[in-house]
Amino acid sequence: PHLFVREYFAEGRWREYLAVLVEIYRGRRDTMVAALHEHFPPQATWTEPEGGLFIWAGLPGFIDTGDLLAKTLREGGAFVPGQGAYVADGRGRNSMRLNCSGVNDGEIREGVRRIGKAVAEQVELYGALTGEHPRPAELPHTPAAEGEDMGGIDSQPNPSQSISDSSGADSVVLPFRKAAEGGP
């Protein structure tokens, strides 16, 4: 049986507890990334973080995630519109922050399916109205990758996706590690 958190800390076993949390959150991240591949249209992009509790998704520029949130909430899905992370300058209008920390795998898959359905409908409507086939969105530049303080734990993009801030500096990532790999 699992010990309560305070027992882990009282017995000096906080590293064991941390290893359990890393495995839980790694699994949830993997579930969300798989669901994004399955349910989001090809015009969407997203980060595949090595750590953190959030995934950033970018959508074509004609989609305003503030407006999309209202539709998605009616369908039982939720996300944080990206512009909330850029209050000072209004960027992030077509991006969203998805949280995979507080729900189980089934809820993650269903939530991503619902959000993906709303995104796909917007892409389809745009194509029908304009006759254009929207190109994939640029991978979102997250506030954390740009050195902005998010006031809490936030994901960093995977460096293999070569995201850099406006100065060209690569982001720093604290990876999920298996307990056997050691680390703090």
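Quick caveat: nothing in here was measured; it's all calculated off a predicted structure. Residue numbers run from 1 in the order of the sequence given.
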Determine all donor-acceptor pairs shorter than 3.5 Å in which one atom belongs to a side chain in residues 69-84; sequence neighbours excluded.
from	atom 1	to	atom 2	distance (Å)
K71	NZ	E121	OE1	2.9
T72	OG1	L68	O	2.9

Legend entry - With E38 via side chain to side chain contact (heavy atoms under 4.5 Å, CB included) - residues at least two apart: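 Listed in chain order: nothing, the list is empty.
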Inset, instruction - With sequence neighbours excluded, tell me which residues meet side chain to side chain contact (heavy atoms under 4.5 Å, CB included) with L125. - result: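 L125: side chain to side chain contact (heavy atoms under 4.5 Å, CB included) contacts with L129.
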Please report the shortest heavy-atom distance between [X] and [Y], naming the atom on each side.
{"X": "P134", "Y": "V123", "value": "CG-CG1, 3.9 Å"}
{"X": "Y25", "Y": "S101", "value": "CE2-O, 3.5 Å"}
{"X": "V112", "Y": "M32", "value": "CG2-CG, 4.0 Å"}
{"X": "F54", "Y": "P49", "value": "O-CG, 3.6 Å"}

Legend entry - Distance-only polar pair, side chains of H37 and E48, donor-acceptor under 3.5 Å: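 The criterion, which ignores hydrogens and geometry beyond distance, is satisfied for E48 and H37.
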Quick check for you: to the nearest 0.5 Å, what is the distance between [X] atom [atom1] and [Y] atom [atom2]?
{"X": "D30", "Y": "C100", "atom1": "CG", "atom2": "SG", "result": "9.0 Å"}
{"X": "R26", "Y": "T31", "atom1": "CZ", "atom2": "OG1", "result": "12.5 Å"}
{"X": "T47", "Y": "R29", "atom1": "OG1", "atom2": "CZ", "result": "10.5 Å"}

Inset, instruction - Check side chain to side chain donor-acceptor pair (under 3.5 Å) between R28 and all other residues, then give those that pass, not counting sequence neighbours. - result: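 Checked R28 against side chain to side chain donor-acceptor pair (under 3.5 Å); zero matches.
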Inset, instruction - List for me each residue that meets side chain to side chain donor-acceptor pair (under 3.5 Å) alongside D64, sequence neighbours excluded, and say none if there are none. - result: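 Testing D64 for side chain to side chain donor-acceptor pair (under 3.5 Å), a comparison that skips the adjacent residues, returns none.
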Legend entry - R109: partners by salt bridge (charged side-chain N to carboxylate O under 4.0 Å, His left out), with sequence neighbours left out: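 Residues passing salt bridge (charged side-chain N to carboxylate O under 4.0 Å, His left out) with R109: none at all.
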Inset, instruction - For E107, check salt bridge (charged side-chain N to carboxylate O under 4.0 Å, His left out) against everything at least two apart and list the hits. - result: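 So E107 forms no salt bridge (charged side-chain N to carboxylate O under 4.0 Å, His left out) with any residue.
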Any ring pair (Phe, Tyr, Trp, His ring centres under 6.0 Å) pairs touching [range], not counting sequence neighbours?
{"range": "residues 89-116", "value": "none"}
{"range": "residues 104-133", "value": "F62-Y126"}
{"range": "residues 101-124", "value": "none"}
{"range": "residues 102-122", "value": "none"}

Inset, instruction - For the residue pair L98 and L36, establish whether any side-chain heavy-atom pair is separated by less than 4.5 Å. - result: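 SC-SC contact between L98 and L36 confirmed.
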Legend entry - pair T65-S95: side-chain heavy atoms closer than 4.5 Å: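 No - every pair of side-chain heavy atoms lies 4.5 Å or more apart.
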Inset, instruction - Using ring-ring contact (aromatic ring centres under 6.0 Å, His included) as the criterion, list what pairs up with F40, not counting sequence neighbours. - result: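 Partners of F40 under the ring-ring contact (aromatic ring centres under 6.0 Å, His included) test: none.
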Legend entry - Residues I63, Q43; criterion side-chain contact (heavy atoms from CB on, under 4.5 Å); working and verdict: CA-CA 11 Å; I63 296 179; Q43 294 82 4; over 6 Å; no
